[in-house]
Each structure stands twice: as structure tokens, then as C-alpha cells.
Amino acid sequence: KMFSQYLDLFGKLMLKPQLAVPESQAVWSLVLPQLGEGETALFLDIGAETADAVLLDRAGVLRTFTEPIETARLSLGVKEVIAFSQEKLGKKPVKVFLGGGGSVSLDAKKFSEEVGVSAVSGEELLKAYPIKITASFGQTSKLGFMTLFGLALLTRQKSPLNFVS
């Protein structure tokens, strides 16, 4: 319903959105408390075979990459996204948030050194989140559950979504 209202608004303004990914908005809601003024960050949802990437800042989602990065070449793929951000947005991400089940086995410190940007594990992100997660998700890790958790939070927020084109 909320997304439909945004489409109506964009139509009245004679704007046509190219892409809207609700999961990216959920990720933005989750990492917003960790973003400083003027900072751009990258969130990676790392799976067994591919990783999805979202560039964001305090205003909202800047870019959701529709072509996933192969997890086997994650460092190289992230460097390409960082270069894209520098070239197209004029600034490089200052943080990479590592989410998704595939981030459990990733060494954040080593990854930071490889890509040249500070990496924050999803576990650290969840520790800093104002709501403590004490539930057990069975075989699914908390990190694997993060995107769904973010979507659930979106349904409870009082302010409207912020779609940045």
C-alpha cells in the first residue's frame, strides 16, 4: 500500500522510478544509526554463491546493484563497486557492512585490508542496534535473518519510506 502511494506521487510529479527494492530500504533502516553525516556505506548481503550490494547514505539508498557479485570473487567485486561509487557519486564508501549468512565465515579485518575500506561484521551491527535480538532462528543465523528483520521493521515505522533516485 505504501509503495503504491509512492508510485502515485511519482506519477503526479511526472517521474518514473527505474527501480525500487524494498529490501534495500530495510537494510538502510538497519544501518542508519551507524552512518555519520556525509558518509556513504556499502551493505553486502553475502550468500553461499552470490552477494548483493547496496550503496547508501544518511538520506537513503543510493544504488542497489541488480547484478550480484560472485562470492568467490567478493573482494574484486567490492573494489569495482567502490570504484563505481567514487566515479559516479564522487565519494567512496567509508564502511562496508557484512550481512547475510555467508558473512559468518568472513574475516572482517582481512576483508578490510583487501578492499581498503573499514568492514563491519553483521554481528557487530546487530550488537549496536537499539533492539536486542534474543530469538533463536534454528539453523538460520542472525545474519541470514537480517534482511527479513529489516523488512519487518519497515512495517512498524512511523515515518514514510525515503526513495532516493
Side-chain angles (χ1 to χ4, degrees), residues 18-133 135-154 162-165:
Q18 294 178 357
L19 176 71
V21 182
E23 292 86 350
S24 297
Q25 287 297 134
V27 163
W28 176 77
S29 296
L30 190 62
V31 303
L32 181 60
Q34 299 292 313
L35 292 176
E37 196 64 41
E39 287 184 344
T40 300
L42 177 64
F43 181 88
L44 296 175
D45 185 357
I46 305 169
E49 295 180 17
T50 61
D52 296 323
V54 180
L55 271 173
L56 30 83
D57 66 10
R58 289 202 53 85
V61 174
L62 299 171
R63 177 77 183 245
T64 298
F65 293 87
T66 55
E67 189 164 319
I69 300 168
E70 291 178 44
T71 301
R73 57 181 289 275
L74 188 61
S75 294
L76 180 60
V78 168
K79 286 179 184 177
E80 290 171 359
V81 171
I82 291 169
F84 170 88
S85 178
Q86 184 68 49
E87 180 184 326
K88 299 292 184 188
L89 305 175
K91 53 186 174 179
K92 95 179 210 184
V94 296
K95 296 177 188 171
V96 177
F97 295 102
L98 306 172
S103 66
V104 173
S105 60
L106 190 64
D107 180 341
K109 185 177 179 183
K110 182 180 175 193
F111 185 75
S112 290
E113 293 167 1
E114 290 174 0
V115 299
V117 175
S118 175
V120 179
S121 75
E123 286 290 347
E124 290 302 312
L125 182 61
L126 288 176
K127 284 180 190 174
Y129 198 73
I131 301 170
K132 299 298 176 206
I133 301 173
S136 169
F137 306 109
Q139 293 182 340
T140 304
S141 72
K142 286 181 185 178
L143 297 177
F145 189 76
M146 194 179 308
T147 300
L148 292 176
F149 177 66
L151 285 171
L153 289 177
L154 279 179
N162 180 11
F163 289 105
V164 176
S165 58

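No hydrogens, no waters, no symmetry mates; every other heavy atom, side chains included, goes into these values. Residues take their numbers from the sequence shown, with the count starting at 1. Just so it is clear, the model here is predicted, and its values are computed rather than measured.
Distance check: K92 NZ to E39 CD gives 13.0 Å after rounding to the nearest 0.5 Å. Distance CZ/F84 to CG/L89: 6.0 Å, rounded to 0.5 Å. We find the CG-CG distance between L74 and L44 to be 5.5 Å, quoted to the nearest 0.5 Å. Between the OG atom of S118 and the CZ atom of F111 there is a distance of 11.0 Å, given to the nearest 0.5 Å. Here the straight-line distance linking atom CG of D57 with atom CD of E37 works out to 9.0 Å at 0.5 Å rounding. Here the straight-line distance linking atom OG1 of T50 with atom CD of E67 works out to 10.5 Å at 0.5 Å rounding.
Applying the salt bridge (Lys or Arg N to Asp or Glu O under 4.0 Å) test to residues at least two apart or on different chains, none of the pairs has a partner in residues 25-35. Applying the salt bridge (Lys or Arg N to Asp or Glu O under 4.0 Å) test to every pair with at least one member in residues 72-86, sequence neighbours left out, gives these pairs: R73-E80.
The two atoms that bring S75 and V115 nearest to each other are O-CG1, 3.8 Å, heavy atoms only. The two residues F43 and G99 have their closest heavy-atom pair at CZ-CA, 3.8 Å. In terms of heavy-atom proximity, I46 sits nearest to A51 at CA-CB, 3.9 Å. Taking all atoms of both residues into account, the shortest heavy-atom contact from T64 to V54 is OG1-CG1, 4.2 Å. Here the closest non-hydrogen pair linking K91 and T40 is CE-OG1, 2.9 Å. Across all their heavy atoms, L42 and P93 have their closest contact at N-CB, 4.0 Å.
Here the side chain of W28 pairs no donor or acceptor atom with the backbone of L55 at under 3.5 angstrom. At distances below 3.5 Å, at least one donor-acceptor pair connects side-chain atoms of S112 with backbone N or O atoms of A108.
Contact check for V31 versus V120: no side-chain heavy atoms found under the 4.5 Å cut-off.
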